[in-house]
Amino acid sequence: FEQTQAAHMSISGQITASKVKLQAPGQDAGRSAPQDLLEFDQLTARFKSLRPLEQVAHLSRINWIRPRVTVRRDAQGVLNWLTLAAPTRTTQDASSRVAASSSASSAGAQNGDKTATAASINSWQLAVDDIGLEGGEIRWLDDAVTTPVRLSLTGFEFQAQALAWPFTQAMPFHGKA
């Protein structure tokens with residue numbers, strides 16, 4: 001942390017997540033077990049500079065090892081990934097309590113802040129020098145058709161350089177499966 005005219009904070013280093021699994025809650029009567037959405041052996045991100053006060057992130061490398069994505073469309077045509085966006089009962093209860101406890105004056109202030117919040121979310125700048133994905137798999141399971149479909153793309157490899165957000169230049173990439 002460095003104190004100057006304007007506050008400045010820069011973080012660098014590496015973060016790694018291993019053996020991660022993201023699941024959607026089982027909601028159907030016939031399928032009560034959680035459904036796999038995403039799992040991977042390892043994800044490593046090396047930060048050159050993370051400057052949250054300036055909303056700037058520059059990563060030297062992102063490396064993703066054996067990511068497996070499952071997209072399932074149920075018999076009603078609903079994709080399993082959409083369950084993440086659906087509010088749960090706990091989320092709804094918490095939201096109701098927060099809304100009930102806020103006063104009319106704070107609600108007015110919150111409405112004024114929505115534009116500022118949306119603008120600040122969009123103003124983040126991201127740069128990634130090198131991205132690598134090794135041994136990926138994408139699974140498509142479709143139960144909305146007469147004969148259920150099971151497709152899988154395995155051994156997916158991907159390399160990209162010079163990712164910038166917002167997009168300011170072309171991003172060279174190479175992939176194979």
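In what follows, every heavy atom counts, from backbone to side chain, and hydrogens, waters and symmetry copies are set aside.
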Restricting to ring pair (Phe, Tyr, Trp, His ring centres under 6.0 Å), what partner residues turn up for [X], sequence neighbours left out?
X	result
Trp81	none
Phe173	Phe158
Phe40	Trp64

Those residues that, when tested against [X], pass side-chain hydrogen bond (donor to acceptor under 3.5 Å, both in side chains) (two or more places apart):
X	result
Lys21	none
Ser152	Glu137
Asp142	Arg73
Asp36	Gln23

- [ ] Verify side chain to side chain contact (heavy atoms under 4.5 Å, CB included) between Leu84 and Leu22, making sure each step is shown before the conclusion.
- [x] CA-CA 10 Å; Leu84 295 177; Leu22 175 65; 4.1 Å; yes
TODO: Would you list the pairs meeting salt bridge (Lys or Arg N to Asp or Glu O under 4.0 Å) in which at least one residue belongs to residues 49-62, sequence neighbours left out?
DONE: Arg51-Glu54, Arg61-Asp130
Task: Backbone N/O of Ile65 and side chain of Asp41: donor-acceptor pair under 3.5 Å - done: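 Such a contact is absent between Asp41 side chain and Ile65 backbone.
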Looking at residues at least two apart in the chain, or sitting in another chain, which of them share a side-chain contact (heavy atoms from CB on, under 4.5 Å) with [X]?
X	answer
Ser12	none
Ser18	Thr16, Gln42
Ala127	His58

Task: Pairs satisfying side-chain hydrogen bond (donor to acceptor under 3.5 Å, both in side chains), at least one member in residues 166-177, at least two apart - done: none
TODO: Using the side-chain hydrogen bond (donor to acceptor under 3.5 Å, both in side chains) rule, take Arg139 and Thr70 through it: C-alpha gap first, then chi angles, then the decisive distance, then the call.
DONE: CA-CA 5 Å; Arg139 295 178 285 231; Thr70 302; 2.8 Å; yes
